[in-house]
Participant: 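Take this structure, written in structure tokens, and hold onto it; I'll ask about it next.
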Amino acid sequence: MLRSASLCAAPTRLATMHPMTDKKAQQYGVTPQSVDFNDWYNEVVKKADLADNSPVAGAMVVKPYGSALWERIVRWLDDEFKAADHESLIFPTLIPMDFIMREADHVEGFAPELFTVNKIGTEVLAEPYVLRPTSETIIGHMWSGWLNSYRDLPFLHYQWGSVFRAELRTKAFLRTSEFYWHEGHTAHATQQEAQAEVRMILDLYHRFCRDILALPVVRGEKTASERFAGAVSTFSIEGMMRDGKALQSGTSHYLGQKFSRAFNVKFQTAAQAEEFAHTTSWAISSRIIGALIMTHGDDKGLMMPPNIAPTQVVIIPIGRKDNFGEMVAEGDKLAAELKAQGVRVKVDRRDGVTNGFKYNDWELKGVPVRIELGPRDLESGVLVVKNRTGDDKETLPRAEVVGGIKARLDGIQAELLQRATDFMLENTVTVDSYDEFKAAIESGKWVRAFHCGDPESEKAIKDDTKATARNVPLDDAEFFAEKEEGVCVHTGKPAAYGKRVIFGRQY
RNA sequence: CGAGGCGUAGCGCAGCCUGGUAGCGCAUUUGGUUUGGGACCAAAGGGUCGCAGGUUCGAAUCCUGUCGCCUCGACCA
């Protein structure tokens with residue numbers, strides 16, 4: 001619950017500049033981003049009705065609006081996976097604990113955050129289970145039984161579900177002890193094929209973020225110290241939030257033969273040799289909703305990109321008691337015309353709530369387009385239209401609004417992507433000295449710098465600045481891909497990777 | 001997990017220090033007036049004071065434990 005804690009945590013700040021000291025502000029709206037980004041985020045999640053806290057530590061309840069959003073995310077991705085010939089399947093939530101223990105790096109990464117089931121009724125289990133933190137192990141186990149010949153490959157599998165990781169500090173959508181995702185798991189006969197899969201998925205994620213969520217993201221490879229526990233190589237898409245922090249928004253891992261060796265996933269080749277499969281895993285989680293909130297949101301609340309918005313257009317019938325019903329009926333007619341074009345539209349038929357209240361309500365929820373429809377408009381054949389992205393209302397002929405609705409939505413989609421891209425570029429600086437590096441990080445920016453690749457140096461930088469290497473952009477990444485040689489900004493040694501690394505503070 | 005803060009009506013809070021009838025604003029319900037950017041008047045309903053122990057004649061208030069939330073730190077595929 002959003003109790004007094006967040007408002008009282010820092011009394012000195014509160015006393016001087018917290019707008020919640022104002023009665024009206026306390027009741028309506030959210031804390032401005034510039035005052036306290038954390039408060040802003042927590043309040044938006046609550047007030048826009050995306051999620052609520054549950055009695056279970058760190059586990060949220062996703063409310064209908066949040067669920068509608070997640071369902072749209074799931075649907076789009078699921079269609080794409082299937083279009084790329086992947087098949088879904090369903091694995092148990094419980095995994096034998098010893099499975100997790102079989103791959104050394106995997107254990108080390110996950111052991112501290114495992115929920116363990118060691119009792120059924122009153123009977124203590126000799127071999128406990130864990131609630132899956134991810135399913136490479138149990139899937140590897142099953143694959144070993146399914147795989148005989150190279151002709152069986154590739155396995156192109158994925159499942160939708162939730163996983164459990166007991167993080168010590170949680171935050172709705174960004175880091176919850178149970179979260180929702182798909183996990184892709186594929187097995188291939190060759191390294192090349194597996195690596196092509198990893199890359200194909202990373203690109204799919206990139207398209208999803210760019211075209212559907214209007215999130216500019218940087219495709220790149222993680223440095224060794226930031227790899228998935230058990231991966232040979234990890235690739236990520238990184239987005240910049242409006243506070244300048246980075247959010248890893250999706251990952252795609254090449255696991256080599258590490259898991260196939262641990263779970264005996266092997267096959268006979270055409271040359272009659274025995275070989276271990278090359279496997280991959282990849283995921284986008286409910287965390288992506290956090291990215292959506294923090295990339296596009298403003299002081300009025302959420303801003304939903306039209307391509308993902310559960311509701312794209314809201315119609316507000318405006319009338320008095322005697323003609324409100326008539327206006328609602330007109331709104332329904334208009335809605336039907338928009339729906340016929342495939343637009344997701346709602347008519348706000350609530351009576352006894354003032355128009356101003358409705359405007360603010362839908363702005364908080366981030367609905368891209370609002371149409372007002374009142375007696376005056378009806379009389380003159382116009383509609384009042386307002387985009388969530390701007391401040392101005394437009395009065396336009398009804399036919400123009402109806403006919404131009406798709407273009408309007410596309411325009412908003414493009415505007416959001418452009419805005420977020422500009423923000424990311426404006427808040428990324430290229431530096432060649434460690435002093436500049438520290439100053440830039442301190443001011444909440446991303447840094448592009450040369451690095452020697454030494455994990456010890458990365459650790460030292462993190463201890464010093466709280467910034468980590470986000471990724472090394474791919475050669476064909478949309479941003480920051482330039483090839484360059486230089487010396488490490490931290491150690492002065494020759495730079496690794498042949499290009500600059502993105503550093504930033506992260507969620 | 002370490003340090004700090006906070007749990008009182010749906011939301012935001014006061015009351016706690018100094019133990020003695022549980023309050024305020026908003027929201028809700030009803031009636032009326034309103035309605036093109038967060039309406040107004042009137043009346044009404046709503047609370048095991050997070051939970052469990054303890055001290056006391058008596059606990060929202062004092063003590064202990066515990067659960068949950070927030071911030072900083074550590075951790076974070």
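All chains are named by letter (A, B, ...) in the order of the sequence lines, taking the proteins before the strands, and each is independently numbered beginning at 1.
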Participant: Which nucleotide, in any strand shown, forms a Watson-Crick or G-U wobble pair with rC75(B), with both distances under 3.5 Å?
Facilitator: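 Answer to the pairing question: none, since rC75(B) forms no Watson-Crick or G-U pair.
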
Participant: If I pick the P atom on rG4(B) and the same atom on rU66(B), what distance separates them, to the nearest angstrom?
Facilitator: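 These two P atoms come out 15 Å apart once rounded.
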
Participant: May I ask which nucleotide in the shown strands pairs with rA59(B), Watson-Crick or G-U wobble, both distances under 3.5 Å?
Facilitator: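 Check on rA59(B): unpaired, no WC or wobble geometry under 3.5 Å.
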
Participant: Could you tell me the Watson-Crick or G-U partner of rG19(B), where both distances fall under 3.5 Å? Say none if there is no partner.
Facilitator: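 Paired with rG19(B), as far as the under-3.5 Å criterion goes, is no nucleotide at all.
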
Participant: What does Phe179(A) touch in the nucleic acid at a heavy-atom separation under 4.0 angstrom: a base, only the sugar-phosphate, or nothing?
Facilitator: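 The answer is base, as Phe179(A) lies within the cut-off (heavy atoms under 4.0 Å) of a base atom.
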
Participant: Taking the P atom in each of rA22(B) and rC16(B), what is the distance between them to the nearest angstrom?
Facilitator: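 Nearest-Å result for rA22(B) against rC16(B) at atom P: 16 Å.
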
Participant: Considering the options Lys47(A), Arg350(A), Lys300(A), Lys346(A), which one meets the salt bridge (Lys or Arg N to Asp or Glu O under 4.0 Å) requirement together with Asp361(A)?
Facilitator: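 The option that passes is Arg350(A).
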
Participant: For the rings on Phe437(A) and His490(A), is their centre-to-centre separation under 6.0 Å?
Facilitator: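 No, ring centres 6.0 Å or more apart.
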
Participant: Take atom C1' in rG50(B) and the same atom in rC70(B), then report the distance between them in whole Å.
Facilitator: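 These two C1' atoms come out 16 Å apart once rounded.
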
Participant: Hey, can you pull the residues of residues 363-377 of chain A with a non-hydrogen atom under 4.0 angstrom from RNA chain B?
Facilitator: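 Of all residues in residues 363-377 of chain A, the ones placing a heavy atom under 4.0 Å from RNA chain B are Glu363(A), Arg370(A), Glu372(A), Gly374(A), Pro375(A), Arg376(A), Asp377(A).
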
Participant: Rounding to the closest angstrom, what is the interatomic distance between rA14(B) and rC26(B) at atom C1'?
Facilitator: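 Per the computed distance, 15 Å lies between those C1' atoms.
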
Participant: Between the base of rG37(B) and the side chain of Asn355(A), is one N or O donor paired with an acceptor at under 3.5 angstrom?
Facilitator: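 Answer is no: no donor-acceptor pair is held.
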
Participant: Return the residues of residues 379-401 of chain A meeting this criterion: a heavy atom under 4.0 Å from some atom of RNA chain B. Order them by number, or give none.
Facilitator: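 Val384(A), Lys386(A), Lys393(A) - these, ordered by number, are the residues of the stretch whose heavy atoms sit under 4.0 Å from the strand.
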
Participant: Answer with yes or no after comparing the ring centroid distance for Phe263(A) and Phe99(A) against a 6.0 Å cut-off, counting only values under it.
Facilitator: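 Judged by ring-centre distance (under 6.0 Å), Phe263(A) and Phe99(A) do meet the cut-off.
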
Participant: Now, which nucleotide makes the Watson-Crick or G-U wobble pair with rU33(B), with each of the two distances under 3.5 Å?
Facilitator: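 Check on rU33(B): paired to rA39(B), both distances under 3.5 Å.
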
Participant: For rC69(B) and rU34(B), measure between their C1' atoms and round to the nearest Å.
Facilitator: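 Straight-line distance between the two C1' atoms is 40 Å.
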
Participant: Using Watson-Crick or G-U wobble geometry with both distances under 3.5 Å, which nucleotide pairs with rC26(B)?
Facilitator: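 The base-pairing partner of rC26(B), which may sit in any strand shown, is rG10(B).
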
Participant: Of Trp160(A), Trp282(A), Phe155(A), which meets ring-ring contact (aromatic ring centres under 6.0 Å, His included) against His86(A)?
Facilitator: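 When ring-ring contact (aromatic ring centres under 6.0 Å, His included) is applied between His86(A) and each of Trp160(A), Trp282(A), Phe155(A), only Trp282(A) qualifies.
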
Participant: What distance, rounded to whole Å, do you find between the two P atoms, one in rG20(B) and one in rG58(B)?
Facilitator: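 14 Å, rounded to whole Å.
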
Participant: Centroid-to-centroid, Trp70(A) to Phe173(A), below 6.0 Å?
Facilitator: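 No, too far apart.
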
Participant: Could you tell me how far rG23(B) sits from rC63(B) if I compare only their C1' atoms? Round to whole Å.
Facilitator: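 Roughly 26 Å separates the two C1' atoms.
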
Participant: Whether Arg370(A) engages the ring of Tyr359(A) as a cation-pi pair (distance to the six-membered ring centre under 6.0 angstrom, angle to the ring normal within 45°) should be assessed.
Facilitator: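 Yes, Arg370(A) lies over the aromatic ring of Tyr359(A).
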
Participant: Does any nucleotide pair with rG65(B) by Watson-Crick or G-U wobble geometry, both distances under 3.5 Å, and what is it?
Facilitator: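 Its partner is rC51(B) (Watson-Crick or G-U wobble, both distances under 3.5 Å).
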
Participant: With the threshold set at under 4.0 Å for non-hydrogen atoms, list the residues of residues 254-261 of chain A touching RNA chain B in residue-number order.
Facilitator: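 Those residues: none at all.
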
Participant: How about NZ on Lys245(A), more than 12 heavy atoms from neighbouring residues, nucleotides or ligands closer than 6.0 Å, or not?
Facilitator: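 Check passes, neighbour count above 12.
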
Participant: Taking the same atom, C1', in rC51(B) and in rC67(B), what whole-Å distance lies between them?
Facilitator: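 Comparing C1' positions in rC51(B) and rC67(B) gives a spacing of 7 Å.
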
